[in-house]
Structures are given as C-alpha cells and as structure tokens.
Protein chains: 2
Amino acid sequence: MAGTRRRGVGRSRPTLEEVAARAGVGRGTVSRVINGSPRVSDRTRTAVEQAVAELGYVPNRVARALAANRADAVALVIPEPETRLFAEPYFSDIIRGVGAELAEADLQLLLTLLRTPKERQRFAEYLSAHRVDGVLLVSVHADDPLPDLLERIEMPAVLSGRRSAHESVPYVDCDNTGGAQSAVEHLIGRGRATVATITGPLDMYVAQCRLDGYRAAIQAAGQEVDPALIVAADFTEEGGRRAMRELLERRPDLDAVFAASDVMAAGARQVLREQGLRVPDDVALVGFEDSAVARHMDPPLTSVRQTTEEMGRAMVRVLLEEIESQGERTSKRPQLVLPTELVRRGSS
Amino acid sequence: MAGTRRRGVGRSRPTLEEVAARAGVGRGTVSRVINGSPRVSDRTRTAVEQAVAELGYVPNRVARALAANRADAVALVIPEPETRLFAEPYFSDIIRGVGAELAEADLQLLLTLLRTPKERQRFAEYLSAHRVDGVLLVSVHADDPLPDLLERIEMPAVLSGRRSAHESVPYVDCDNTGGAQSAVEHLIGRGRATVATITGPLDMYVAQCRLDGYRAAIQAAGQEVDPALIVAADFTEEGGRRAMRELLERRPDLDAVFAASDVMAAGARQVLREQGLRVPDDVALVGFEDSAVARHMDPPLTSVRQTTEEMGRAMVRVLLEEIESQGERTSKRPQLVLPTELVRRGSS
DNA sequence: AGGTACTGTGGGAGCGCTCCCAGGTTGATG
DNA sequence: CATCAACCTGGGAGCGCTCCCACAGTACCT
C-alpha cells in the first residue's frame, strides 16, 4: 500500500549545513539563530540571517521532528457520530479558531475523523508513533475510552466541553448554565408566564447544565419549577417534535419554550405550526447554539450564541500549556469556561 | 514560539534495530517485511512478524519520512473567503470523503485554512519544506495564484471544481450542467410554464455551467430562452432576495424559479413570502447543493444533490495517481466529473 | 568444472536536524 | 596578574528509518 511513492526531483533545498558554511559559522550556531536562542551574538545572528535569506533556506521540519523527538503537529479528533454534526457552524468555528491559533504557534493541524474501529486503532498507533504533540478532542461522549487512553500514554489533550461536573482532563467549555438561564430570563422578561423547556439527553452533562440554567431562571423569578414543563429529547429534530407534542398535551397553556438546541427548536416550531400556534404571538421560542438553522427559521430563532471560534483558540492555548508542562507532574489541569450571549430574533 | 517543547519521557518504543536483533536478522530485512517487499523468504518474514508482534513495534513515521524523503501526508487547503462556507454540508462531506480515503491509503490529513497573506506565505514554505506529498484544493477562485505555484514547484494537486472549461490542473467536479438541467426539466415536467433562474456570479465557471443547464432544459422543452427570466446574483442570501425582486418586476407571471444555490433560494423564498406568493402553489422553487438550509426551509426545498463525499474520495484517488506518476512527464492529467441527483421536496 | 543469473540478506551510509559537551573568549573580581 | 564565572561557539553523536551495494547461496545452463 505505502508503495514506492517518491518525491519529485525538485532542485534540492539548502540545508542547515550549507547555511552554516555560507555564513562561516557552525551548524549549532545556525540552529540557534533559527530557533531564536538568545545565546548568539548580534554579529553572528546577522550573518546567519543574511545567509538564510540569500539561500532561501527553510528548515526541514521532518528532520527537526526526528531530531527533537516532537511532531510540530496537533491532532483535532472528531469521533464518529459527530462527523455528521460537522456541518454545524459549531465545528466550522472551532476549526477556524484552532487553525488560527495553531498557525500562530507554527504547528500543523491534523484532522482525524474516527469512524470505524479500524480507524480508531490506527489512530492509537499514530499516537504511539509520535506523530503529534497533543490532541484536541471535540464532543467526546462520556463513555468514550479515548480520553483515558490519552491520559495513560501521557499524551497532552484538551476537551471541548466537559463530560461531567468533575471532569479531570483539561477542557474548554462554554457557559451552558448561564446561557440557558439568560435565555429563560429573557422569555420571562418579555412577559411569558409559562415557560417550558425541551432538554437534551440528560445523561449528557451539557444537557444537564442547560436544564440547570432553566431551573435557576424560573426560581430566580420566584416561580416553582413544574416538572410537567420539562421534557427530555435527544438533540434531534424529530426529538424536538415529539417533545413539543408532549408539552402541548400536558400544558396547552404554555406560552414559551426554551429548546436546548436549535435543531430541537426547529422540530418544535413545526409542531407549533401544525397545531395552528403562532410564533412568537402564541408561543415564544428560544434555541441554543445559534446555528445556521436558527437564522433560516421563520421567524428567525432567538438563540444562545457560543463564542465558538474563541473556544477553538482557547483549546489550543490550553493544549500548548499542557505540552509545555509535560513531565512536570503538576496536577493543575487548566480548565476554562467561556461566556455565552443571547441573540434576539423574531421568535421571541 | 517554537520554544523548548519536549515530549514526555514515555517508555521509549522499540526501534527497527531492536526488532531485527530479536528476530535474528538485519535491519534491512525488517524494513522489507514492514513495507511488504516480496523479496523476503517466508521463514524470515514469519520470524520478523513475530518479533514485531512481541515487541509491539510501530514504525516511527517521522524517521521514515526523513529517510524516504516523503511526508506521508496530504494537505487539504481551504482559501479564505471559503472558510465561511465551511459550515456547509459541502465541506463537511468533502472532508469526510477525503478522510476516509486517506485513512485507507495510510496518509495523514493536514487541514490548512488560508486566511491571511501571512498564512499563505507560511503555507508556501511548508510546501517547500517537504511537509506534504500532495495538495487538495477546495473551491479556489479563478484568479488564485496557488494552483500555478503548485504547478511550478511540481507539487501534485487536485482541485474540487474547475476554474474554467479548459482547466489544466487535475480536478474532480460534479455535473453542474446536468444537475441544473434536470432541475429545470423537473419544473417543466410539473407543468410550470414560465421558469426563471437566479444564477451565481457569471465569472465563476460553476455558475456558468448551471446556467447552461437551465438553457438546455428550456430549449429541450421547445421554448425560447427569455433573457428577462435570467438574473445573476452572487450566491448569497441577500443576492437571492434582490434577484427575486428583479424577476418579479420583470415577469410577474413567472411560476417557477431555479436558484443556482440553496442560499439564494432561501433569499428568494423570503421575497416571495413578502409579496404574498405561495410556494409551491404560486411559484415553485428549486435550489442547488442540497444543504441544511434546503431541509429547514418552509416548505423544504427541492434541490440538486452533489455526491460530495464521493467527490472527496475521488479527489484523493486522483491525487494518489498524480503522486505515483511524479516525474514521469506524462501530460495525461486525470479529470473527473461526478453525477448529481435531484432531491424532491415540498417546494416544487 | 566454470560460468551466468538470479534471490535473500546484512549492514554502511546517509536523510537534516537538535542536543550537548568541550573549548575558547571576554570581562569582572580577588 | 591569576581566577572564575558568564558567555559564545563548533562539531560529534545520534534520532529511526530507507536506500542500495555487496556478498553468499542456490539453480540452471554450457
């Protein structure tokens, strides 16, 4: 399979050695200049820099990686079921943030989709084969063995989102509780008396948090939390539809719904239309994520926006810290929670 | 920046040398077994395989890359304006296809977002620094210098989509003309008499093709192509709105619109609603791309689906061919056009 | 028996870099 | 003026692999 792939001839690039010769210094010195070591005299540095410019020298990163035993690359891992969600602005924004921050650090971004067990297996081998310096994990499930594997082989890693309240691995998350709370407060503030919620699967921490936010807002308004107004779904459109029907059956008098994801809000909206209920006149609707779906709904959906691109950037910064402090057995695992923002549109 | 990142200690992995010692053979022989060379006796091969298994040997790909002067990696490049479109299923599907096919070939996927000129510059250096064996270019503009640069440095590359009818670089495209034609034929087949179209920017080849398809279908139905029924837009929602208004002003009697992208169809749909026109009753609407937007419109949008994931896979296959035939100065550049499929929904 | 033609195999010679040690300078200090 | 630390600097060693040359072994001709 690997076969005999060979690179083309290509006038061979100058090497460190040649730069050294040209500058009239030793290899070590050139290396120091290239890597910005302070232990080089200005005269020497200038000479080397000139030789580099004249020869158009570009370090061979493969050689560097081999010699220094690092990869200069970071893997962004997207586990199976999520490769679908890929199309969400969420991922695209994460990637944009990650890409930008990695570019600044001069690291490569390896995109790894883990779909089949075979691919998982192969990825594990990559890890052992020292192909990456660290791993960014996007939306791993609570039962995914990957984070533990990474911990075992001491591979620096950062999660997007927590798996539980007591997440041990470094992570960057957004303020799910606060975002949900502000969404529900917004509804109450607009005079809605009976605010229901469609939650995600409650075995997912993110869903739990958003429900907590809902509860907090209701209580902050001096109301009782009515279990009849809470229906769990699964973050899908169909789930949103089912949950909405259930809610209308239980409490036909409801006048607002906070859905824990835009897609579920879209499902709920369909059911409302079917039943002749107007949005926002009869029922106000708020989602979470501020995805494309939200903007294209009719009326456009009010939603809680995550600063996703910033999450991506933050993940990289956290990962770099982790890599830096490799070995130093400090148990301080950096964990970060970023704010959310309510985007008001026609649906509320 | 690069600093002193060092890998953790980590019980060092076995090397080729150790495997050789264990199997009682030479380094070369182990290498041959690992790489599936046929010039190894069965007895030896078995012995080596056993040693590999016992030691849990995994080849160090960095060392391999250095020695063999290849990178075992391919870059997927997404130039600036497009990083926005990222969220489209189009990209996500391309990436899924590319990822799957690369995994099979045991190559790494490097994701490269080219946003700033600085990033472009840096990328050019990667190329020279032998970090990748080939490049996949997604939606490059006709005036992007990248394809030419790649050609100049003899870096294998494949485009998604042609830049013009006479594309010289290897590419994989979908049948834009045929897709558009089938969409318009569908509208005519449903009894629509006056079918208009909203095109993309006509300096883009893809927009040109879709318009050609529209024309072909109209003519195939024995009708004249009426220039008043053709309005150019820019693939944006706002452009779709403007174009729809223009069309309704020119030909208030139109009863169908083929928009060359889903997003423009979404814009058109808004204008139709504003003007009290029902979809599909008064005006039937068809888009192109079959993106998430299409499914979430009201009514759901009929659209032309591209087999995008397959395009990704095909791009990789083409690229591998190109890499394989490096140096052999055959002028046969592989170029591929994949079929499209009309997905019928409520809007027509 | 000597030649010719394979096939299998070992291991030297790198790939281009970083690491690190030893050695040479310099300037301040006792 | 000797001493010593602080600083630069050159270059050997080596990262783990592939490439390729040389050589032994076997088989089949003259």
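Residue numbers start from 1 in every chain, and the chains themselves are labelled A, B, ... in the order their sequence lines are given, proteins ahead of strands.
With rounding to whole Å, B:L66 atom CG is found 12 Å from D:dG16 atom P. The CD atom of A:E17 sits 14 Å away from the C1' atom of D:dA13 (whole-angstrom rounding). Atom-to-atom, CG of B:N69 to P of C:dG16 comes out at 7 Å; the value is rounded to the nearest Å. Between the CZ atom of B:R131 and the P atom of C:dG16 there is a distance of 15 Å, given to the nearest Å. Taking atom CG on A:L16 and atom C1' on D:dA13, their separation rounds to 16 Å, with Å as the unit. Across the protein-nucleic acid pair, A:R43 atom CZ and C:dT26 atom C1' stand 14 Å apart, rounded to whole Å. With rounding to whole Å, B:R64 atom CZ is found 14 Å from D:dC19 atom C1'. The nearest whole Å value for the distance from the CZ atom in B:R70 to the P atom in D:dC17 is 13 Å.
The shortest distance between the side-chain N/O atoms of B:S31 and the OP1/OP2 oxygens of D:dT18 is below 4.0 Å. A sub-4.0 Å separation between OP1 or OP2 of C:dC15 and a side-chain N or O of A:N60 is absent. Phosphate proximity of C:dG8 to B:S41: absent, as no side-chain N or O sits under 4.0 Å from OP1 or OP2. Between A:N35 and C:dT18 there is a side-chain polar atom (N or O) within less than 4.0 angstrom of OP1 or OP2. Using a 4.0 Å cut-off, no side-chain N or O of B:T44 falls inside it from OP1 or OP2 of C:dG8.
Under a 4.0 Å N-O distance rule, the pair A:R122/B:D106 qualifies as a salt bridge. Of the charged side-chain nitrogens involved, none lies within less than 4.0 Å of a carboxylate oxygen, so that A:R70 and A:D133 do not count as a salt-bridged pair. A salt bridge does not link A:E104 to A:R317: none of the charged nitrogens lies less than 4.0 Å from a carboxylate oxygen.
Contact of B:R27 with C:dG12 (side chain to base): a donor-acceptor pair of N or O atoms is detected under 3.5 Å. For B:R39 and C:dT9, a side-chain-to-base donor-acceptor distance below 3.5 Å is absent, hydrogens and geometry of angles not being considered. Contact annotation: side chain of A:R32 to base of D:dG10, donor-acceptor pair present below 3.5 Å.
Each of B:G24 and A:Y57 was matched to the nucleotide of DNA chain C holding its nearest heavy atom; the match closer to the 5' end belongs to B:G24.
Closest approach of A:F123 to A:A75, counting heavy atoms only: CE1-CB, 4.1 Å.
Of the candidate nucleotides C:dG10, D:dC19, D:dC15, D:dC19 has the atom lying nearest to any side-chain atom of B:A68. Here D:dT9 is the nucleotide among D:dT9, C:dG16, C:dC17 with the atom lying nearest to any side-chain atom of A:T29.
A distance of 7.5 Å separates CG in A:L146 from CG in A:L127, rounded to the nearest 0.5 Å.
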